[in-house]
4 protein chains.
Amino acid sequence: MTESKRQRQKAQTKEHLIETAYAVFSSRGIMAARMADIAAAAGVSHGTVFLHFNTQEALIEEVVAHYGALIALETHALAERCGSMEELLRAHLGAISAYEPFYTRLVLENRMLPTAARDSWIDIQSAVSLHFNRVAERESSRIEKRGIPDAMLFNMWMGLVHYYLANGGLFAPEGNVIRRHGTTLVGSFLKLLNG
Amino acid sequence: MTESKRQRQKAQTKEHLIETAYAVFSSRGIMAARMADIAAAAGVSHGTVFLHFNTQEALIEEVVAHYGALIALETHALAERCGSMEELLRAHLGAISAYEPFYTRLVLENRMLPTAARDSWIDIQSAVSLHFNRVAERESSRIEKRGIPDAMLFNMWMGLVHYYLANGGLFAPEGNVIRRHGTTLVGSFLKLLNG
Amino acid sequence: MTESKRQRQKAQTKEHLIETAYAVFSSRGIMAARMADIAAAAGVSHGTVFLHFNTQEALIEEVVAHYGALIALETHALAERCGSMEELLRAHLGAISAYEPFYTRLVLENRMLPTAARDSWIDIQSAVSLHFNRVAERESSRIEKRGIPDAMLFNMWMGLVHYYLANGGLFAPEGNVIRRHGTTLVGSFLKLLNG
Amino acid sequence: MTESKRQRQKAQTKEHLIETAYAVFSSRGIMAARMADIAAAAGVSHGTVFLHFNTQEALIEEVVAHYGALIALETHALAERCGSMEELLRAHLGAISAYEPFYTRLVLENRMLPTAARDSWIDIQSAVSLHFNRVAERESSRIEKRGIPDAMLFNMWMGLVHYYLANGGLFAPEGNVIRRHGTTLVGSFLKLLNG
DNA sequence: GATGAATGAGGCTTCATTCAT
DNA sequence: CATGAATGAAGCCTCATTCAT
């Protein structure tokens, strides 16, 4: 019993650290954040971080895995019942929206992350891809794709979204790219897609 | 004569350092490259780098300025006489192609670079933007843009290209994204653009 | 308890570093001492010094502030109840005596120290000046000053003491100028002062 | 003949370097001056300094020897025919006056200089001491020294002068201590000396 | 389980000195 | 004789990681 209380306590601290690391990663950058920053932001001691995560790499991997899974889940949840491409694109942006600063960091830093974290990133992409292909196929008759493969349409959409996110300082200096430009992005992409 | 020989020597060393730094930046990342890496790669002593560049920041700025100018110039040169959008897109990729690994680093790291280097990056973007808008306007009658502003088309194109570059490990593990996918990118984008 | 033990530990280490730095400064010079010297002399790692003092400048400031305050306090304590000039001069030398090597470094290097450290130096001088003027005024009737202002007498005394300290290698090769010449200094200065 | 022209040229360059180093030492400090500073101030290449002086130490030694000799000579010249203590003290300050900034550096830095340079410093002191003792002896009957040995009087005088020089920032922020306070110093010292 | 002081490898920068031209 | 590019030892500082409490 006492044991389980301790374990619960420990689990709570770890969760708190993951949430704090997520916030610090979002604002300062994943690779640029120092372990001491995260400890301070979490209000725990420097050493406590290492009690829960053996290395900085492990911390990054867990945080990216955790929020990567959340984003992928949210994507699935929102995209599942989308019948039209418009719905899907909105769902995609909706899933990202709540995580925008962190997601943007992933867009920019995914290449430099530990392998496991890169895999989490790929999982997110796969989640979107899955539904995109499903809807694209279903709508193939209604969409004038002029022989462009679905994969390329997907890349165009992702490229457009990531371009806006990566250049957030330009498109939305206040820091909320999707809220500000989401509708425009969906609209323009659909106009291009349809005749 | 003697004087100019030594000056040439120094200029050569500096140029060699810029070229070496360019290569190291391309492969290891701009911010991740250490001064010692560059010195070793150039076959000079650690201190020599500081003889030619007062600080690491200055080195980054000069290298980005140098190759940024090259890329912008090449873009202008190739894009200048492009009458059609297809020619322009090919020209754009052609200009980037020779600098692909470095350009890709700029895509990913430009936000973290010193101000002067960020300006160089913006200059490159402006060069492309200039010609894109020129050609888009000229072709406006022939292109079915369905009410999409030129700026959005530009963003879509840049987003697509940068997406492929940033995910080069996926699209071209051997490291040459543009050579491998350039034609497809241009073709798909144009198909989408035209009826 | 456990907490306070560790805090005591840390405070002890910091105090130890200040004491060690004081010793190193005394023997090698304040500006000439390297951080690594102090770490080695204190038997701690290089990084530990930076745990307790953010910069070399901060270390110098703290050490000078600490021992400067000690010297000023001792000066006040010893000089407070001095009624005669002779008592005061002895008190002054007595206050300096225990800190002679360090004080001598301050005499020679104070101009080159960080601003905060220079202020500490000025505080020491002010402490002496204060009591000197008090006693000089009180004894003005008994002293034949022949129209020499108190400030000039003070400068003469300080000049004499600092001259002996600065030329310690000449006056006391074993390193203890005040113990060896203090009485003579006081005696001679008083003889000059009085008829 | 060509040889001797070259030699003359070399000797001139060396002299120029000594003069320049003297100026740089005076303004920036002897130990704080960098070889490159001196080369730049002299308008010669960095390497040229090493052509004339094997090491930084040698440069310091030669400069201090050169100007130390000048100061000692000037002291002798001015002090030689001084019959009274007042004349002598004025002569002493007169000899130092033209070299005040450099002399002040010697006051503060002599302990840290190479051995040979310290010897030059001692030579200057000896020159003053010699004449001081001579005049003091001659005037011994007229001066009320109250049993204070000549050496102690000498130290008092030197201490007073050096104290003013070392605290020049306080006594003469414009940088000319002797011109501003010389007369006062001589006057006060004499008043104290005589009944 | 939590703490935070201590560690030390690694990075940037300076500057006296050398040497090929 | 003069030059100045190149060298590399040495110094300051950062930060992930460890471990005694």
Side-chain angles (χ1 to χ4, degrees), chain A residues 3 5-14 33-40 44-57 59, chain B residues 1-14 32-37 39 43-57 59, chain C residues 1-3 5-14 33-37 39 43-57 59, chain D residues 2-3 5-14 33-39 44-57 59:
Chain A
E3 252 336 286
K5 207 184 240 171
R6 268 199 161 185
Q7 286 176 355
R8 225 180 311 135
Q9 172 65 22
K10 186 171 182 181
Q12 273 181 17
T13 300
K14 183 165 186 175
R34 291 164 299 169
M35 297 299 267
D37 290 340
I38 294 161
V44 303
S45 81
H46 193 172
T48 296
V49 182
F50 286 88
L51 182 66
H52 295 277
F53 309 93
N54 285 329
T55 65
Q56 188 178 36
E57 197 172 302
L59 170 62
Chain B
M1 281 302 115
T2 305
E3 216 21 64
S4 69
K5 202 183 213 171
R6 305 236 354 225
Q7 286 177 353
R8 227 180 307 140
Q9 268 291 353
K10 182 173 187 182
Q12 271 180 20
T13 300
K14 182 163 187 176
R34 293 159 295 162
M35 297 300 267
D37 291 340
V44 302
S45 84
H46 197 160
T48 296
V49 182
F50 287 91
L51 175 68
H52 294 277
F53 308 94
N54 286 330
T55 64
Q56 187 179 37
E57 195 171 306
L59 170 61
Chain C
M1 283 301 113
T2 306
E3 217 19 66
K5 201 185 215 171
R6 304 230 5 220
Q7 286 178 352
R8 226 181 305 138
Q9 268 290 353
K10 182 172 186 181
Q12 270 180 20
T13 300
K14 182 163 187 175
R34 293 158 297 162
M35 297 300 265
D37 291 341
V44 301
S45 83
H46 197 162
T48 296
V49 182
F50 287 92
L51 175 67
H52 294 277
F53 308 94
N54 286 330
T55 63
Q56 188 179 36
E57 195 172 306
L59 171 62
Chain D
T2 306
E3 253 336 287
K5 208 184 240 173
R6 268 200 160 183
Q7 287 176 354
R8 226 181 308 137
Q9 172 66 21
K10 182 171 184 181
Q12 273 181 18
T13 300
K14 182 164 187 175
R34 291 165 300 169
M35 297 299 266
D37 291 340
I38 293 161
V44 301
S45 81
H46 193 173
T48 296
V49 182
F50 286 88
L51 182 67
H52 294 278
F53 309 93
N54 285 329
T55 64
Q56 187 177 37
E57 198 172 300
L59 169 62

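Chain letters run A, B, ... following the sequence lines, proteins first, then strands; residues in each count from 1.
Between Thr13(D) and dA2(F) there is a side-chain N or O to OP1 or OP2 distance below 4.0 Å. Distances shown here put every side-chain N or O of Ser45(B) at or beyond 4.0 Å from the OP1 or OP2 atom of dA6(F).
Residue Met35(A) holds its CE atom at 3.5 Å from CZ of Phe50(A), rounded to the nearest 0.5 Å.
Lys10(C) places its NZ atom 15 Å from the C1' atom of dT7(E), with the value rounded to the nearest Å. One can place CD of Gln12(D) at 13 Å from C1' of dC1(F), the figure rounded to the nearest angstrom. Atom C1' of nucleotide dG8(F) and atom CG of Leu51(B) are separated by 13 Å, given to the nearest angstrom. Put simply, NE2 on His52(A) is 8 Å from P on dG1(E), counting in whole angstrom units.
With sequence neighbours left out, Lys10(C) forms a side chain to side chain donor-acceptor pair (under 3.5 Å) with no residue at all.
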Under the 3.5 Å Watson-Crick or G-U criterion, the dot-bracket string of DNA chain F, with | for inter-strand pairs: .||||||||||||||||||||
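For the pair Val44(C)/Leu51(C), no side-chain contact is recorded, criterion being any heavy-atom separation below 4.5 Å from C-beta on.
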Quick one: what's the B/S/- string for nucleotides 13-19 of chain E, heavy-atom cutoff under 4.0 Å, read 5' to 3'? BBSSBB-
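Sorted by first and then second residue, the side chain to side chain donor-acceptor pair (under 3.5 Å) pairs with a member in residues 46-56 of chain A read Ser45(A)-Thr48(A); sequence neighbours excluded.
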